[in-house]
Amino acid sequence: MRKTQWFDFRNFCHKSSLTSSIKPRPFKTYSFVPFSPVAMLDPTILTIGGIVLGIALLERMLERLDVIDLADQFEKVMRFILPVTFYGALFYFFATFMF
């Protein structure tokens, strides 16, 4: 024959554990500050982007008007200006909004 042991439910649930089974382990945490895409609406970023976009549209318009010599000059300038402007604006964005 089995002997059944009875527990009082309230005492069983509210009884605090004498030893914790989970031991806290120390670890380093690093902070990450997320940024919002709305920060790209900074007037400086928009001005630089507008100027580059305007030059690109001007180059396309000159090609359609058959002013090829002037369009080629714009193309040569844009090959240098676009990467410099992109990386400069990216550096400005991270330097201004991340720190």
Side-chain angles (χ1 to χ4, degrees):
M1 209 170 208
R2 286 187 157 169
K3 192 172 188 182
T4 308
Q5 186 176 10
W6 292 94
F7 292 102
D8 184 25
F9 183 72
R10 287 186 187 180
N11 290 337
F12 179 76
C13 286
H14 295 293
K15 187 178 179 182
S16 63
S17 176
L18 298 176
T19 59
S20 176
S21 61
I22 301 173
K23 295 180 181 177
R25 287 181 269 168
F27 58 93
K28 294 181 181 179
T29 58
Y30 298 98
S31 174
F32 174 72
V33 180
F35 57 89
S36 170
V38 178
M40 292 294 269
L41 296 176
D42 180 55
T44 306
I45 301 271
L46 290 176
T47 303
I48 292 171
I51 290 171
V52 170
L53 186 63
I55 292 172
L57 291 174
L58 182 64
E59 179 188 349
R60 290 289 265 189
M61 187 178 75
L62 289 173
E63 286 178 0
R64 289 182 186 221
L65 294 174
D66 290 332
V67 187
I68 302 299
D69 293 336
L70 195 53
D72 285 339
Q73 293 298 323
F74 271 107
E75 181 185 357
K76 288 177 185 176
V77 170
M78 289 299 284
R79 273 192 198 161
F80 175 74
I81 288 179
L82 278 176
V84 170
T85 306
F86 172 75
Y87 289 117
L90 194 64
F91 176 75
Y92 172 80
F93 174 74
F94 282 120
T96 304
F97 294 105
M98 295 299 285
F99 300 113

**Asked** Quick one: side chain to side chain donor-acceptor pair (under 3.5 Å) pairs with a partner in residues 68-79, sequence neighbours left out?
**Response** E75-R79
**Fill in**
One should read off an interatomic distance between M61 CE and F74 CZ, to the nearest 0.5 angstrom, of 9.0 Å
**Message:** Holding to salt bridge (Lys or Arg N to Asp or Glu O under 4.0 Å), I want the full list of residues that pass it with R64, two or more places apart in sequence or in another chain.
**Reply:** none
**Message:** Once rounded to the nearest 0.5 Å, what's the spacing between atom CD1 of I51 and atom CD1 of I81?
**Reply:** 10.0 Å
**Asked** Hey, are the side chains of F86 and L82 touching, using non-hydrogen atoms and a 4.5 Å cut-off?
**Response** no
**Request:** Quick one: pull up CG in L62 and CG in L58 and give me the separation to the nearest 0.5 Å.
**Result:** 4.5 Å
**Message:** Going by side chain to side chain contact (heavy atoms under 4.5 Å, CB included), name the residues that satisfy it together with L57, two or more places apart in sequence or in a different chain.
**Reply:** L53
**Request:** Find out if a path of hydrophobic residues (ILVMFWY) with successive side-chain heavy-atom gaps under 4.5 Å connects L90 to Y92.
**Result:** yes
**Request:** Following the transitive rule for hydrophobic clusters with a side-chain heavy-atom cut-off under 4.5 Å over Ile, Leu, Val, Met, Phe, Trp and Tyr, establish whether M78 and L70 coincide in one cluster.
**Result:** yes
**Prompt:** Is it the case that one hydrophobic cluster holds both Y87 and I45, taking links as side-chain heavy atoms less than 4.5 Å apart, direct or via other members?
**Reply:** yes
